[in-house]
S.K.: 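Supplied in structure tokens, the structure appears directly below.
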Amino acid sequence: MALQLYDTLTRRMQPLVPQHAGKVGIYVCGPTVYNWIHVGNARQLVVFDTLRRWLARTGYTLTYVQNITDVDDKIIARAQEENLPAEEVAERFLAAFLEDAAHLGVRPPDAMPRATQYIPQMIALIATLIEKGYAYAAGGDVYYRVRRFPEYGKLSGTRIEALASGARILPGEAKENPLDFALWKGAKPGEPSWESPWGAGRPGWHIECSTMSTALLGPTLDIHGGGMDLIFPHHENEIAQSEAAFGAPFARLWMHNGMVTLSGEKMAKSLGNVRTVHELLQRFSGDALRLFLLSAHYRTPLDFDEHSLEQSQAAVRRLKTTVQNLSFAASHAVQGEPAVAEAAKRCIRRLETAVSAALDEDLHTARAIAALFDAVHEANQLLQEGCGAEAAAQLVTALEDTAALLGLEGWAGQTEALPAEVDALVRERAQARMKREWSKADALRSRLSELGWTVEDTPLGPRVRRRA
RNA sequence: GGUGGGAUGGCGAAGUGGCUAACGCAGCGGUCUGCAAAACCGCGAUUCACGGGUUCGAAUCCCGUUCCCACCGCCA
């Protein structure tokens with residue numbers, strides 16, 4: 001069974017068939033860096049990062065490109081508010097974005113082009129569109145002539161006529177038609193600008209993605225992704241630009257993740273109901289947030305509330321505890337029952353099969369997570385029955401591999417070395433227990449807890465871990 | 001208005017014709033333990049928004065109803 005993905009354009013599941021066998025070029029619309037990222041942005045990052053991990057695991061070589069919009073109205077507005085150069089605002093929030101992404105276990109993209117680095121290429125693309133009659137300069141701006149592109153609306157399933165009824169031309173715009181959108185915006189005083197054949201100005205938002213994706217991945221992308229709210233007009237406009245200019249399909253597969261809502265309403269900066277990742281990371285682990293974001297299928301809406309996040313935090317704890325307990329068993333040279341070892345192997349096979357089937361079916365992370373916890377449960381049963389060191393080690397590897405696929409990693413199961421002080425207290429407590437000095441043992445346990453360590457008494461001896 | 005997507009136990013969330021409706025969290029009872037912790041065992045939706053219908057059989061298909069959300073200016 002090969003990977004099937006839901007394609008927004010054809011509105012059905014499609015097998016992933018890249019242009020070049022074994023290689024996948026993915027372009028995902030990244031953030032406009034004018035603010036901290038919120039949970040909705042995080043969902044997109046985590047979903048597409050998980051896609052990358054799954055593709056890589058199944059043997060694809062990928063080129064994953066995510067752009068950074070670092071020149072735009074909102075950045076300029078913020079810069080004016082704070083009386084700073086726009087460049088500095090962009091720089092600051094780009095750094096914050098990268099930090100948040102790292103905490104969520106999101107790997108850096110292979111390329112992270114920034115709009116301001118591709119101005120000449122954008123100008124060239126706009127010039128091409130003008131030459132071909134798809135764009136026109138007017139009043140210092142350049143607009144795309146939407147009516148010239150008959151397929152306009154194919155991605156979002158809207159007809160030009162339906163759109164036209166609601167559209168209006170704003171004062172100061174010299175559009176031929178209300179639906180036309182800006183490719184180049186003439187500079188207003190005090191705004192960052194670049195020279196162009198049409199005068200000083202800056203690029204429109206949509207043109208950057210057409211330009212940079214083509215520069216890095218060619219005119220046809222294997223997968224183009226983003227949030228569902230970008231389908232119209234952003235991605236529709238990208239298609240119009242790219243297909244008009246290059247005469248090739250812009251993307252072979254369109255993936256869009258669902259929105260995150262807060263109390264049932266879309267979380268959006270413009271609605272002012274955002275919860276920033278930065279703020280949540282003060283109180284929840286990146287793993288918990290990540291598991292929460294993957295707990296529902298990526299195309300369904302996901303309602304954010306802290307209670308759900310707490311539940312995910314608890315689930316992560318269970319996973320980690322099991323891996324640690326298995327590691328503990330693995331570090332003790334115990335000979336297990338052959339039957340248990342066999343059961344462990346079956347458990348691992350089931351896990352791999354189930355996860356693979358789940359992710360192949362439109363990246364169904366919710367089912368993959370369920371399979372992971374099925375395996376956690378089975379592993380705990382085996383541990384209870386007396387799991388040998390070798391089988392325990394195999395289970396650790398299998399659980400960690402699966403968790404890593406979901407981006408939960410870095411908390412390696414191997415028992416970490418104890419600080420000398422902690423080790424001494426653990427030994428002292430073991431002595432006290434041997435002498436049945438319970439109150440002393442309990443006092444030492446409390447002391448360890450204050451130092452941030454949990455000690456559990458098992459048939460194999462004291463099991464120590466960092467307090468959750 | 002146009003176009004999409006939803007409604008499943010206390011909460012989150014799988015399941016799209018047929019094993020006892022996954023999995024996680026929370027709760028309750030039990031086992032293990034000096035006490036714990038972790039874990040395990042057991043209990044919990046006679047029912048899948050509501051009303052009809054198709055079928056030997058439906059949460060899953062059809063019709064109708066109610067409610068909710070997203071996109072149609074910016075937004076992941």
Side-chain angles (χ1 to χ4, degrees), chain A residues 8 11 28-32 34-35 37-48 72-74 77 153 156-159 161-168 170 178 181 205 225-234 236 256-261 264-271 274 291-292 295-297 299-303 305 307-319 321-322 324-325 328 354 358 364-377 379-385 433 436-439 441-442 445-446 449 454-459 463 465 467-468:
Chain A
T8 308
R11 294 161 196 249
V28 175
C29 291
T32 299
Y34 72 106
N35 211 334
I37 62 163
H38 61 254
V39 183
N41 301 298
R43 185 181 197 189
Q44 186 243 64
L45 290 169
V46 166
V47 164
F48 285 96
D72 143 289
D73 292 343
K74 296 184 291 292
S156 53
T158 47
R159 297 182 313 279
E161 295 69 36
L163 293 167
S165 65
R168 283 205 271 146
L170 298 172
F181 57 90
W205 177 35
M228 277 182 183
D229 53 351
L230 297 187
I231 293 172
F232 188 92
H234 188 51
E236 201 72 76
H256 292 97
N257 61 278
M259 299 294 99
V260 173
T261 58
E265 272 210 317
K266 176 179 164 183
M267 184 180 292
K269 290 166 186 169
S270 53
L271 293 178
V274 302
L291 188 68
F292 166 71
S295 67
H297 182 80
R299 285 191 285 115
T300 65
L302 180 63
D303 196 55
D305 71 287
H307 183 59
S308 300
L309 205 44
E310 280 161 15
Q311 292 183 0
S312 294
Q313 183 113 288
V316 169
R317 204 179 304 131
R318 172 170 163 85
L319 175 62
T321 301
T322 297
Q324 286 168 345
N325 292 350
F328 180 76
H364 209 317
T365 53
R367 268 177 27 211
I369 291 168
L372 178 61
F373 280 95
D374 281 334
V376 163
H377 185 236
N380 278 323
Q381 285 175 319
L382 297 175
L383 222 35
Q384 203 104 132
E385 289 167 28
R433 291 187 78 239
R436 308 183 69 81
E437 292 170 1
W438 307 127
S439 57
D442 291 347
R445 187 164 58 195
S446 303
S449 177
T454 297
V455 58
E456 299 170 346
D457 302 311
T458 80
R463 185 167 65 199
R465 70 164 130 257
R467 202 175 54 193

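Keep in mind that the numbers below use all heavy atoms, side chains included, and drop hydrogens, waters and symmetry copies. Letters A, B, ... mirror the listed sequences (proteins, then strands); counts begin at 1.
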S.K.: Which stems, defined as runs of 3 or more consecutive Watson-Crick or G-U wobble pairs with both pairing distances under 3.5 Å, involve RNA chain B?
M.R.: B:1-7 with B:66-72, B:10-12 with B:23-25, B:27-31 with B:39-43, B:49-53 with B:61-65
S.K.: Could you run down the sub-3.5 Å N/O contacts of the protein with nucleotides 74-76 of chain B?
M.R.:
{"from": "rC74(B)", "atom 1": "O2'", "to": "Lys74(A)", "atom 2": "NZ", "distance (Å)": "3.2"}
{"from": "rC75(B)", "atom 1": "O2'", "to": "Asp229(A)", "atom 2": "OD2", "distance (Å)": "3.3"}
{"from": "rC75(B)", "atom 1": "O2", "to": "Lys266(A)", "atom 2": "NZ", "distance (Å)": "3.2"}
{"from": "rC75(B)", "atom 1": "N3", "to": "Lys266(A)", "atom 2": "NZ", "distance (Å)": "3.1"}
{"from": "rA76(B)", "atom 1": "OP1", "to": "Asn41(A)", "atom 2": "OD1", "distance (Å)": "3.3"}
{"from": "rA76(B)", "atom 1": "OP1", "to": "Lys269(A)", "atom 2": "NZ", "distance (Å)": "3.1"}
{"from": "rA76(B)", "atom 1": "O5'", "to": "Asn41(A)", "atom 2": "OD1", "distance (Å)": "3.3"}
{"from": "rA76(B)", "atom 1": "O4'", "to": "Asn41(A)", "atom 2": "OD1", "distance (Å)": "3.0"}
{"from": "rA76(B)", "atom 1": "O2'", "to": "Gly227(A)", "atom 2": "N", "distance (Å)": "2.4"}
{"from": "rA76(B)", "atom 1": "N7", "to": "His38(A)", "atom 2": "NE2", "distance (Å)": "3.3"}
{"from": "rA76(B)", "atom 1": "N6", "to": "Val260(A)", "atom 2": "O", "distance (Å)": "3.4"}
{"from": "rA76(B)", "atom 1": "N6", "to": "Met267(A)", "atom 2": "O", "distance (Å)": "2.6"}
{"from": "rA76(B)", "atom 1": "N1", "to": "Val260(A)", "atom 2": "N", "distance (Å)": "2.8"}
{"from": "rA76(B)", "atom 1": "N3", "to": "Gly40(A)", "atom 2": "O", "distance (Å)": "3.0"}

S.K.: Between atom CZ of Arg43(A) and atom CE of Met267(A), what is the distance when rounded to the nearest 0.5 Å?
M.R.: 11.0 Å
S.K.: Could you measure between the two C1' atoms, the one in rG18(B) and the one in rG57(B), and give it in whole Å?
M.R.: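 The same atom, C1', in both gives a distance of 6 Å.
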S.K.: So which heavy atom on Ala441(A) is nearest to which on Arg433(A), and how close?
M.R.: CB-CG, 3.7 Å
S.K.: Determine the Euclidean distance between corresponding P atoms of rC11(B) and rU16(B); express it in Å to zero decimal places.
M.R.: 23 Å
S.K.: Classify the side-chain pair Asp374(A)/His377(A) by whether it contains a donor and acceptor separated by less than 3.5 Å.
M.R.: no
S.K.: From the options Thr458(A), Asp457(A), Asn325(A), select the one residue that forms a side chain to side chain donor-acceptor pair (under 3.5 Å) with Arg463(A).
M.R.: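 The side chain to side chain donor-acceptor pair (under 3.5 Å) with Arg463(A) is passed solely by Asn325(A) among Thr458(A), Asp457(A), Asn325(A).
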S.K.: Just checking Asp442(A): base, sugar-phosphate only, or nothing, at a heavy-atom cut-off of under 4.0 Å?
M.R.: base
S.K.: Between Phe292(A) and Ala441(A), which residue's closest nucleotide on RNA chain B lies nearer the 5′ terminus?
M.R.: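 The residue mapped nearer the 5' terminus is Phe292(A).
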S.K.: Check whether Glu236(A) reaches the backbone of Ser156(A) with its side chain - one donor and one acceptor, N or O, closer than 3.5 Å.
M.R.: yes
S.K.: Closest approach of Phe292(A) and Ser308(A), non-hydrogen atoms and distance?
M.R.: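 Closest pair (atom of Phe292(A), atom of Ser308(A), distance): CE1-CB, 3.5 Å.
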S.K.: Taking CD from Gln313(A) and P from rC25(B), how many angstroms apart are they, rounded to a whole number?
M.R.: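 Distance, rounded to whole Å: 13 Å.
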S.K.: Is the backbone of Cys29(A) close enough, under 3.5 Å, to the side chain of Gln44(A) for a donor and an acceptor to pair up by distance?
M.R.: yes
S.K.: Rounding to an integer number of angstrom, what distance separates rC43(B) and rG52(B) when you compare their C1' atoms?
M.R.: 36 Å
S.K.: Which distance, rounded to the nearest 0.5 Å, do you find between the CG of Asn257(A) and the CZ of Arg299(A)?
M.R.: 11.0 Å
S.K.: Which residue, Ala371(A) or His307(A), contacts RNA chain B at a nucleotide closer to its 5' end, judged by nearest heavy atom?
M.R.: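 Its nucleotide being nearer the 5' end, the pick is His307(A).
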S.K.: Please list, chain by chain and in numerical order, all residues satisfying side chain to side chain donor-acceptor pair (under 3.5 Å) with Thr454(A), sequence neighbours excluded.
M.R.: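 With sequence neighbours excluded, Thr454(A) shows a side chain to side chain donor-acceptor pair (under 3.5 Å) to no residue whatsoever.
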S.K.: Would you mind reading off the distance between Phe373(A) atom CZ and rC25(B) atom P, rounded to a whole angstrom?
M.R.: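 Roughly 6 Å, once rounded to whole Å.
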S.K.: Using atom CD of Gln311(A) as one end and atom P of rG24(B) as the other, report the distance to the nearest whole Å.
M.R.: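 Rounded to the whole Å, the gap is 12 Å.
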S.K.: rA14(B) and rC72(B): how far apart are their C1' atoms, nearest whole angstrom?
M.R.: 32 Å
S.K.: Would you confirm whether Arg445(A), through its side chain, and Val455(A), through its main-chain N or O, come within 3.5 Å as a donor-acceptor pair?
M.R.: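 No.
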S.K.: To the nearest 0.5 Å, how far apart are OG1 in Thr365(A) and CG in Leu372(A)?
M.R.: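 Thr365(A) OG1 to Leu372(A) CG: 11.5 Å, rounded to 0.5 Å.
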S.K.: Could you give the distance separating rG53(B) and rG4(B) at their P atoms, to the nearest angstrom?
M.R.: 30 Å
S.K.: Please give the distance between the P atoms of rA22(B) and rC48(B) as a whole number of Å.
M.R.: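 Result for the P pair: 15 Å, nearest Å.
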S.K.: Can you tell me, in whole Å, how much space there is between the C1' of rC28(B) and that of rG6(B)?
M.R.: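 Approximately 33 Å lies between the C1' atom of rC28(B) and that of rG6(B).
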S.K.: Checking all strands, does Ser308(A) fall into the base, sugar-phosphate, or nothing category for heavy-atom contacts under 4.0 angstrom?
M.R.: sugar-phosphate
S.K.: Report, one pair per line, the protein and nucleotides 13-17 of chain B atoms (nitrogen or oxygen only) whose separation is under 3.5 Å.
M.R.:
{"from": "rA14(B)", "atom 1": "OP1", "to": "His297(A)", "atom 2": "N", "distance (Å)": "3.0"}
{"from": "rA14(B)", "atom 1": "O3'", "to": "His364(A)", "atom 2": "NE2", "distance (Å)": "3.4"}
{"from": "rG15(B)", "atom 1": "OP1", "to": "His364(A)", "atom 2": "NE2", "distance (Å)": "3.0"}

S.K.: Any chance you could list the contact pattern along nucleotides 36-45 of chain B? Use B for base contacts, S for sugar-phosphate-only contacts and - for none, protein heavy atoms under 4.0 Å, 5' to 3'.
M.R.: BBSBBS----
S.K.: State, to 0.1 Å, how close Ser295(A) and Ala366(A) come at their nearest heavy-atom pair, and which atoms those are.
M.R.: O-CB, 3.3 Å
S.K.: Going by the rule side chain to side chain donor-acceptor pair (under 3.5 Å), which residues pair with His234(A) if we only count those two or more places apart in sequence or in a different chain?
M.R.: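 Partners of His234(A) by the side chain to side chain donor-acceptor pair (under 3.5 Å) criterion, ordered by chain and then number, come out as His206(A), Glu238(A).
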S.K.: Are the side chain of Thr322(A) and the backbone N or O of Arg318(A) linked by a donor-acceptor pair below 3.5 Å?
M.R.: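 Indeed, once roles are kept as given, a pair shorter than 3.5 Å links the two residues.
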S.K.: Please report the closest heavy-atom contact between Thr8(A) and His256(A), naming both atoms and the distance.
M.R.: OG1-ND1, 2.7 Å
S.K.: Could you check how far CD of Glu437(A) sits from C1' of rC35(B), rounded to whole Å?
M.R.: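 Spelled out: CD on Glu437(A) to C1' on rC35(B) is 16 Å.
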S.K.: What's the gap between rA13(B) and rC23(B) when it is taken at their C1' atoms, as a whole Å value?
M.R.: 8 Å
